[in-house]
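Contents: one structure, followed by commentary.
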Amino acid sequence: MIGVRTYDRWMLLATLTLVFLGVLMVYSSTSVITPTLAKKHVSEFHYLKKHLFTVLISFAAMWVAFVFDKETLKRLPVPVLVVSMLLLMLVFVPGLGVEAGGARRWLRLWPSTFQPSELVKLAMVMYLAWFLSSEGFKNAVAGSRARRMAGEKGVDPQFMYFLMPVSVMLVFQMIFLLQPDFGAAISLGALTVGILFISGVKIRYMFSLLVLGLPAVVMLLMKPYRLQRVVTFLDPWQHRHDSGFQLVQSFIAFGSGGLTGRGLGKSRQKLDFLPEVHTDFIYSMVGEELGLIVAIGILMLFSLIFVRGLMVSGRWKEGSFEYYMAYGLSLMIAMQALVNVAVVTGLLPTKGLPLPFISYGGSSMLVNMTAVGLLLNYSRSAQRNESYIAQKEDKFTDILERKKAKRAVYGRKK
Amino acid sequence: MENRRAAILSTAVMFGFLLVGIRLADLMLLDHDVLAAKARNQQQVMVDVAVNRGLILDRRGRALAMNVDAYSVYGRPFRVKNPGEVSAALSDATGRSYDKVLASMRSNRNFIWVKRKMETGSAERLKGLGLEGVGFIPESKRTYPKGRLASHLIGFVGVDNQPLEGVELRYNEDLRGEIKKVLVSKDAGGRTLSEGFDVQSRGNGLVLTIDEGLQYISEQALDRVIERWEAVSAIAIMMDPYNGEILAMASRPTYDLNDPGGYKTSSRRNRAITDPYEPGSTFKVVTAAAALEEAVVTPATEFDVSDGFIDVGSMRVYDSRRQDRILFTEVIKTSSNVGTIQVGSLIDNRTFHEYISKFGFGSRTGVDLPGEAPGIVRDYKRWSKTSHAAISIGYEVAVTPLQILRAYAAVANGGWLVTPHVVKEIVASDGTVLKQFNPGLGEHIISTHTANTLKDILISVTQEGGTAREAAVSGNLVAGKTGTTRLIDPDTGEYSHERYVSSFVGFVPADNPRFALVVVVFEPKKQYYGGRVAAPVFSDIASQALAYMNVPRDDFRNENVLLVRNDEF
């Protein structure tokens, strides 16, 4: 029954819908030549063309990821990690790196630029999946359990294994902070901690990371504009003319959209009121043009991708490479989407982050589509997952027995 | 163990999405009204609708002010890739200096006007060049087809149709029409998003009382007198004495309405109503009217002027011509200062002041033009010992040419003080008459008998032995009065011996006046007597005007006219 499995159609459908919506909204947000755009001497189709090109490339990447041999994939994490590290370093090479707004985050790449920090997320997920599924790590976890039973003292081997991925994460975060890209450092941290959390690492080790977080807080306080962002986030209306302008404009966009929106293409907020409307604040414009119904719909589509991703991971043996990959990739997409929508609705402090599949921006699109391709690849596993099926059957009989027992105790209801 | 943690994390993420969903509902449904209002507030702006100003026509419907289509050329500097080339083309087409255009094209402004209201032909040629970053907005441009004609009276508008002078200013609300506003979307920079609106406001037109032909005749005559006597300025006003309709109002120096910036401000002043002067002998009609009305004199009353001068306090006033005993009528006819002061002395200060005020001196005539001066008439309680005598011969008062004309119109029409006005009708753009101005005769200030007596005396002025033989018109009787006054020298503060004001005011035909006309010439050289300088101008204008108006000659006998008609049959 479950043996011949085809790919997850729901996940593909959700992704395609989001990408299609994204193309519409990118065109809607960039087809009006506002003075800001006019200064760049662009035509009304400039961004649409580039976006469509990105989408095309991303579909190709998705296809490659979809058909990629799963066994070969297992050997890739470390090379990918090294490559992404190198790319990230190249940003600092004059001529190759592109500086914008006081930050060096992009690589010059015909015909556009590439943001290695997006690739780093994917590389980190792959590395963690590889590391956490390794025998060494599993043994360490099992070993520490045994040691505790035996009441042995000394350094817990699990802690040493815990330190490994954490230090990789810290190296990347240091590079991010040099760019500087505070947001990317935080995102990567959250993703890493999330995956480590499900791997069964002791909670108190996780808490020890908070000590490492202290310098981050100090840095936050040292840079006044970052502190300002946090303060503004608490009461944007107080700062609506300066630091809170973006957020307030985002609220106004959502609010004027109402239930059904002003109609496709009829956003007024895109006329230079909303900053970065085609990238970071595209969700606000969706709310304004298409209303609450579509805005909620987008949330549901992201939730669908996340849930379907979790189901894919559930088909694989717990602790396996594929299990962590599927979970990690789903988490990567969902967290990025969640942070973006939470920021534009004022639930999190302002941070520039594109909305997956919808925002204009090649690097994010490419990485997220590749992630979906991998998820689809893992979903269509021809390989039987015996433990999964057995588990399911166990659960089923388990539930039946429990019900029987309940009935015996409480009697039949009604 | 692992399973539970994964479930916790997954649930947390899903809960996050739920939270955002709730927040969205809060923003988009609960706060919808407040935020939508804020959106409207910042996204929309009220803009005045473009106005097609009403036409200004003369009394026979000839256009004096109209609108033509024009293009305003603007630049968006940030879209201009090659400022040098674009600026050169713009400079050629608009005549503005290349450097200035280039400087504005290189500025970091979003929008600049290159040339407002350019004529259609050259704008089309410029359009054909397809310059990048250069745009065109169609606008309606106010033009004055007659240029300098009646410039002071019509006035003009600025580049944004803001009224600046004349009836353009006074009747702006009618010409502009209802101010319509439309709600226009704007972007964050305050730039509006529409170029032109479907709705257009059409102003109402004005039909003036002015007759273009009479205006032309008057202005030509003024040009000639300025040239002949090298005068500084000159004024002529023609008015229908029965209803106060101004038929012509001309001032020199003048200016071109299509290029008001190219002239001095002093040239743009409508001297006919803004510049009071001492009227001199023309004011004697007021003294005479008061004396007749108060019945202290009759036309046959005799006055002894044989001394040739009269002492008033420390001042000695001379006559220009030595005479013996003369009748009251001859006092005015020969413009005897000595006689007039004697006549005036028969009336007390208070009564005299009352008559001066009745004739409308010292207060505005109420003409529907901006900037009218009331003139100066001091209250009789503040008169000096010499004031009464000085005023009776037209000194120590300041009047505008329009005020003196109105006083003579009262004599012409049998004693009524009319309200001068320049607008006859306000018409809608479709031609329907919205309002007619017909103020009527006004207050009856002197009896018809007095008026007729004065009229007979004024007729004699232009007859043999009068001071203004040269004001006479062939074929019709002219009633009128000369005036010659010295201007006060600004250096010495005393009356100048070189700077005079020469004037003549009267009406024609005397028995059935078709118009009253005043001519005032300031500072003519070589000759200064009103009878020599202003009277011929009066005759010049009046004879042409009578012919233009087809007024029959009084010296043709009715039988002759009938004979001609019989011949025709």
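Heavy atoms only: backbone and side chains are in, while hydrogens, waters and symmetry mates are out. Here is the naming used below: chain letters follow the sequence lines, and residue numbers restart at 1 for every chain.
- The shortest non-hydrogen separation linking A:L338 to B:G16 is CD1-C, 3.4 Å.
- Other residues, nucleotides and ligands place no more than 12 heavy atoms under 6.0 Å from the OH atom of A:Y161.
- Between B:A25 and A:L292, the shortest heavy-atom contact is N-CD1, 3.9 Å.
- Of the listed residues (B:V20, B:L30, B:V34), the greatest number of heavy-atom pairs within a distance under 4.5 Å of chain A belongs to B:V20.
- Interatomic distance, B:L27 CG to A:F251 CZ, rounded to the nearest 0.5 Å: 6.0 Å.
- For the residue pair A:A334 and B:F17, the shortest heavy atom distance occurs at O-CZ, 3.7 Å.
- Dense packing is recorded around CD of B:E124, with more than 12 heavy atoms of other residues, nucleotides or ligands lying under 6.0 Å away.
- Within a 6.0 Å radius of CZ in B:F15, other residues, nucleotides and ligands contribute 12 heavy atoms or fewer.
- Heavy-atom distances place no part of A:F245 under 4.5 Å from chain B, backbone and side chain included.
- Applying the 6.0 Å contact sphere to CD of B:E85 captures no more than 12 heavy atoms from other residues, nucleotides or ligands.
- Checked options A:T345, A:I298, A:V344; the residue passing with B:L24 is A:T345 (criterion: side chain to side chain contact (heavy atoms under 4.5 Å, CB included)).
- Taking CD1 of B:I22 as the reference point, atom CG of A:L299 lies at 11.0 Å (rounded to 0.5 Å).
- Within a 6.0 Å radius of NZ in B:K117, more than 12 heavy atoms belonging to other residues, nucleotides or ligands are found.
- One distance of note links CD1 of A:I198 with CZ of B:R4; it measures 14.0 Å at 0.5 Å rounding.
- A pairwise comparison of heavy atoms in A:F306 and B:S10 identifies CE2-O, 3.7 Å as the closest pair.
- The distance from the CE atom of A:M300 to the CG atom of B:L18 is 11.0 Å, given to the nearest 0.5 Å.
- Under the 6.0 Å distance and 45° angle rule, B:R5 does not count as a cation-pi partner of A:Y327.
- Only the side chain of A:L331 comes within less than 4.5 Å of a heavy atom of chain B; its backbone N, CA, C and O stay farther away.
- Taking every heavy atom of both residues into account, B:M28 and A:G291 meet most closely at CE-C, 3.3 Å.
- We find the CG-OG distance between B:D33 and A:S256 to be 11.5 Å, quoted to the nearest 0.5 Å.
- With a 4.5 Å cut-off on non-hydrogen atoms, B:L29 touches chain A through its side chain but not through its backbone.
- Residues B:H32 and A:L259 form no side-chain contact, since every pair of their non-hydrogen atoms from C-beta on lies 4.5 Å or further apart.
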For this session: Would you please test B:L35 and A:F254 for side chain to side chain contact (heavy atoms under 4.5 Å, CB included) and show each step?
Result: CA-CA 8 Å; B:L35 290 173; A:F254 278 118; 5.7 Å; no
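- The CD atom of B:Q43 lies 7.5 Å from the CD1 atom of A:I252; values are rounded to the nearest 0.5 Å.
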For this session: Given side chain to side chain contact (heavy atoms under 4.5 Å, CB included), test A:Q269 with B:Q42 step by step and report yes or no.
Result: CA-CA 9 Å; A:Q269 289 293 95; B:Q42 68 176 16; 2.8 Å; yes
